[in-house]
Amino acid sequence: MHCPRAQYCLFSLTCPLSYFILLHALSVLLSTHVPPYIYSSATSPFSTQLNLLKQNRNRFSLSPLPSHKHPSKMGARRRSSTKPVQSLKPTKTVSVDEDLTKASDAFPLPLHLSNAVFFTLFFSAVYFLLSHWREKIRTSTPLSVVTFSEIIAILAFVASFIYLLGFFGIDFVQSLILRPQTEVWNAEDDDEVADVLLRKEDARKVPCGQALDCSLPPLPPPAPIVTVQKVLDEKPATVLTEEDEEIIKSVVAGTTPSYSLEPKLGDCKRAAAIRREALQRLTGKSLEGLPLDGFDYESILGQCCEMPVGYVQIPVGIAGPLLINGREYSVPMATTEGCLVASTNRGCKAIHLSGGATSTLLRDGMTRAPVVRFGTAKRAADLKLYLEDPDNFDTLAVVFNRSSRFGRLQGIKCAIAGKNLYLRFTCTTGDAMGMNMVSKGVQNVLDFLQTDFPDMDVMGISGNFCSDKKPAAVNWIEGRGKSVVCEAIIKGDVVRKVLKTTVESLVELNMLKNLTGSAMAGALGGFNAHASNIVTAVYIATGQDPAQNVESSHCITMMEAVNDGKDLHISVTMPSIEVGTVGGGTQLASQSACLNLLGVKGASKESAGANSRMLATVVAGAVLAGELSLMSALAAGQLVKSHMKYNRSNKDVSKASS
């Protein structure tokens with residue numbers, strides 16, 4: 001092997017042989033997938049060998065086995081003339097022309113010799129190339145300069161590598177594929193061979209005895225391979241590797257915290273799949289109906305959701321076009337309540353036919369109210385007077401505004417309770433909803449106040465005087481987020497033809513239900529029919545915080561007859577709509593698409609906060625449409641009828657769930 005001329009001669013001879021055997025191996029691969037009647041002399045060089053094998057098998061002749069041998073299995077081999085022959089292997093059918101043919105039979109050499117040849121060829125090529133490359137490195141010869149013998153060695157290496165990778169151990173693979181299940185085989189190996197030979201005897205073309213039924217029933221088609229895991233809607237299933245299995249076991253055992261999977265693995269989807277499987281094993285409950293695939297888990301890491309195991313699908317409907325301030329909007333609504341989108345869409349139609357609605361922004365300011373404590377009530381009062389002094393506002397505003405280029409302090413309102421002082425900061429937040437923005441500014445002011453009020457003890461950055469995600473009179477009176485009023489004049493003809501009611505009925509019902517009825521119930525900001533329905537549906541579709549629908553749904557609906565009682569004036573006043581078009585869930589793909597549909601995706605390039613203010617006016621307009629349609633359905637007595645039509649499923653829920 002150290003002589004270049006000898007190496008050249010060796011590989012010049014072995015390379016064509018390797019290609020010849022490689023082509024034979026490819027033919028064998030094809031033969032495992034192509035039926036024998038297609039594998040003819042026109043398509044394969046090995047048809048002669050196959051025909052010889054078939055002819056030799058046709059010469060077999062075997063007398064019927066004595067019935068006393070294995071009497072318990074006698075019926076499995078031979079039935080009477082009125083019953084078809086049944087095989088001992090129900091999961092595998094054996095054809096007379098195919099039963100003994102294996103893919104490795106097509107090799108011109110025995111399989112062990114073929115493997116030995118390619119083993120030798122592979123290691124010889126590797127040794128030759130390494131020795132030559134070492135010599136080139138020693139003599140500073142570029143490796144890119146390749147001689148003819150090296151080209152031959154590389155080709156031999158590739159050919160042998162492909163063979164060893166794809167075809168080595170083909171008998172072992174065949175034994176795995178063709179091995180029957182343990183419970184299927186009930187007889188010894190000699191009984192199996194006898195069964196195959198008996199069936200071939202039945203297939204011979206010579207006359208048979210009258211006592212024997214020589215007809216061979218058609219063999220059933222092979223049963224399809226069914227995987228253990230159930231596939232839903234042909235979606236790709238997440239495959240867990242052996243390494244994943246070890247991690248799942250460690251999570252179940254408690255040695256690996258579930259929250260540490262993302263930073264440990266560096267793959268958010270894989271972490272979700274492992275966490276999901278561990279949860280199913282811990283609880284013994286299936287999450288089969290909760291989808292895992294088809295979601296970008298990287299997009300929620302560190303900002304939207306922790307420890308995910310899947311995502312919930314909520315349908316999105318479109319109501320509109322909604323005509324507000326001369327512009328049409330298609331309003332996306334994510335909901336599972338039937339009739340809601342259809343009802344809102346009818347209200348949009350009535351508004352559009354009447355010339356559209358007008359929406360006005362009254363106030364724009366997010367709030368945060370920390371609570372601080374002093375040793376005496378007098379010290380708390382001193383800070384209150386200091387903060388409400390107009391001469392100190394500019395200094396505090398400079399300190400507050402350092403936190404963001406969009407957050408601008410608008411005012412501070414204080415409320416004292418003994419030694420405790422509540423400071424309600426209000427500021428603009430651009431196109432963001434702004435909770436984090438205002439919190440950072442408040443923290444700056446509190447740090448600044450510690451210099452002049454060292455005895456001030458900050459009890460909490462939020463003292464519920466804000467007030468966030470809770471019904472509160474301070475939000476109803478002072479407002480929080482965007483304060484919007486939206487109005488429209490609905491023509492009398494539209495009220496009768498589209499809404500199927502009258503102006504007088506709507507005015508009277510609104511007074512009795514939305515005003516008097518809500519007052520009787522002690523409602524706080526709930527002087528409306530169902531504002532929260534529309535607010536929540538739009539919030540989920542556009543990536544807002546659904547929990548903030550509590551204060552965002554504060555609404556008073558007013559109706560009165562105008563134009564000598566012919567037309568209807570309707571308005572909704574909503575003092576605390578909390579929305580944003582950047583940050584949070586707005587950056588997710590689905591929610592971002594809904595914002596793009598409204599034309600308010602991302603931050604406004606023209607004016608800071610313009611997109612979030614426009615979204616607030618759309619929310620108010622959609623509430624106006626929903627209030628108008630529902631009140632009309634109530635006035636006309638159509639509520640139950642419409643819900644029975646649009647909010648009742650005709651499916652058998654028990655069958656659907658199973």
Side-chain angles (χ1 to χ4, degrees), residues 314-324 328-354 356-357 359 486-503 505-510 512-514 517-518 526-542 546 549 552-553 555-559 568-572 574 577 594 597-598 617-650:
I314 302 179
V316 177
I318 297 297
L322 175 63
L323 183 59
I324 305 178
E328 292 183 347
Y329 298 91
S330 295
V331 183
M333 302 175 65
T335 180
T336 57
E337 179 183 351
C339 202
L340 178 60
V341 178
S343 177
T344 307
N345 188 70
R346 185 176 74 151
C348 292
K349 179 181 180 181
I351 293 173
H352 200 289
L353 292 175
S354 299
S359 186
C486 187
E487 62 179 344
I489 296 178
I490 309 300
K491 298 178 181 179
D493 291 341
V494 175
V495 172
R496 290 187 297 271
K497 295 179 181 179
V498 177
L499 302 177
K500 311 299 182 183
T501 186
T502 63
V503 174
S505 299
L506 283 173
V507 173
E508 183 178 14
L509 178 62
N510 184 73
L512 293 174
K513 172 182 169 63
N514 290 340
S518 296
F527 298 91
N528 57 81
H530 69 148
S532 63
N533 247 341
I534 290 87
V535 170
T536 304
V538 176
Y539 271 27
I540 295 175
T542 58
N549 98 92
S552 297
S553 298
C555 172
I556 181 170
T557 301
M558 303 292 294
M559 294 185 187
L568 174 71
H569 180 274
I570 178 174
S571 66
V572 292
M574 307 179 69
I577 300 177
C594 291
L597 178 65
L598 292 170
T617 61
V618 172
V619 171
V623 170
L624 181 71
E627 290 286 286
L628 179 60
S629 182
L630 177 58
M631 291 297 291
S632 299
L634 290 171
Q638 298 174 341
L639 179 65
V640 175
K641 180 180 179 181
S642 60
H643 272 265
M644 291 298 294
K645 179 179 180 181
Y646 293 103
N647 200 21
R648 303 286 291 184
S649 175
N650 294 324

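These numbers were taken from a predicted model, which means no experiment stands behind them.
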How close do Ala635 and Ser505 get, counting heavy atoms only, and between which atoms?
CB-CB, 4.2 Å
What distance separates His530 NE2 from Cys555 SG, expressed to the nearest 0.5 Å?
10.0 Å
Val572 and Ile556: side-chain contact (heavy atoms from CB on, under 4.5 Å), yes or no, with the steps?
CA-CA 6 Å; Val572 292; Ile556 181 170; over 6 Å; no
Tell me whether Glu328 at atom CD has more than 12 heavy atoms from other residues, nucleotides or ligands lying less than 6.0 Å away.
yes
If you define the side chain from C-beta out and look only at heavy atoms, does anything of Leu634 sit under 4.5 Å from Lys513?
yes
Carefully, step by step, assess Tyr539 and Ser552 under the rule side-chain contact (heavy atoms from CB on, under 4.5 Å).
CA-CA 10 Å; Tyr539 271 27; Ser552 297; 2.8 Å; yes
Side chains of Ile314 and Ile540 in contact at under 4.5 Å (non-hydrogen atoms)
yes
Mind running side-chain contact (heavy atoms from CB on, under 4.5 Å) on Val316 and Met333 for me, showing each step along the way?
CA-CA 5 Å; Val316 177; Met333 302 175 65; 6.0 Å; no
Start with the C-alpha distance between Leu568 and Leu628, add both sets of side-chain angles, then the distance that settles side-chain contact (heavy atoms from CB on, under 4.5 Å), and finish with yes or no.
CA-CA 10 Å; Leu568 174 71; Leu628 179 60; 4.0 Å; yes
Spacing of OG1 belonging to Thr502 relative to CZ belonging to Arg496, to within rounding of 0.5 Å
9.0 Å
Mind checking whether Val618 and Leu598 have side chains closer than 4.5 Å, heavy atoms only?
yes
Do Val331 and Ile318 come close enough that some side-chain heavy atom pair is under 4.5 Å?
no
Are Thr617 and Cys486 packed together at the side-chain level, in the sense that at least one heavy-atom pair is separated by less than 4.5 angstrom?
no
Distance, nearest 0.5 Å, that separates CD1 of Ile324 from CD1 of Ile351:
7.5 Å
Judged by atom type as modelled, is there a donor-acceptor pair below 3.5 Å linking the side chain of Asn514 to the main-chain atoms of Phe527?
no
Taking all heavy atoms of Ile490 and all of Ala350, pick out the closest pair and write down the distance.
CD1-O, 4.1 Å
Examine distances only and state if a side-chain atom of Glu487 and a backbone atom of Ala357 form a donor-acceptor pair shorter than 3.5 Å.
no
One should read off an interatomic distance between Leu509 CG and Leu630 CG, to the nearest 0.5 angstrom, of 9.0 Å
Can you tell if the side chain of Leu353 reaches within under 4.5 Å of the side chain of Lys491, non-hydrogen atoms only?
no
Is there a donor-acceptor pair closer than 3.5 Å between any side-chain N or O of Asn510 and the backbone N or O of Thr557?
yes
Closest approach of Lys500 and Ala636, non-hydrogen atoms and distance?
O-CB, 3.3 Å
Check: Gly526 main-chain N/O paired with Ser518 side-chain donor or acceptor under 3.5 Å
yes
Closest heavy-atom contact between Ala319 and Thr344?
CB-CG2, 4.0 Å
Main chain of Pro546, side chain of Asn549: is a donor-acceptor contact present, judged purely on distance under 3.5 Å?
yes
What heavy-atom pair brings Met631 and Ala529 nearest, and what distance separates the two atoms?
SD-CB, 3.9 Å
Can any side-chain N or O of His569 pair as donor or acceptor with the backbone N or O of Ala488 at less than 3.5 Å?
no
Would Ser632 and Ser629 count as having a side-chain donor-acceptor pair, cut-off 3.5 Å?
no
Answer yes or no: is there a side-chain heavy-atom contact under 4.5 Å between Asn533 and Glu337?
yes
Considering only heavy atoms from C-beta outward, does the side chain of Thr335 approach that of Pro315 to under 4.5 Å?
no
Using every non-hydrogen atom in the two residues, find where Val623 and Ile534 come nearest and quote the distance to one decimal.
N-CG2, 3.8 Å
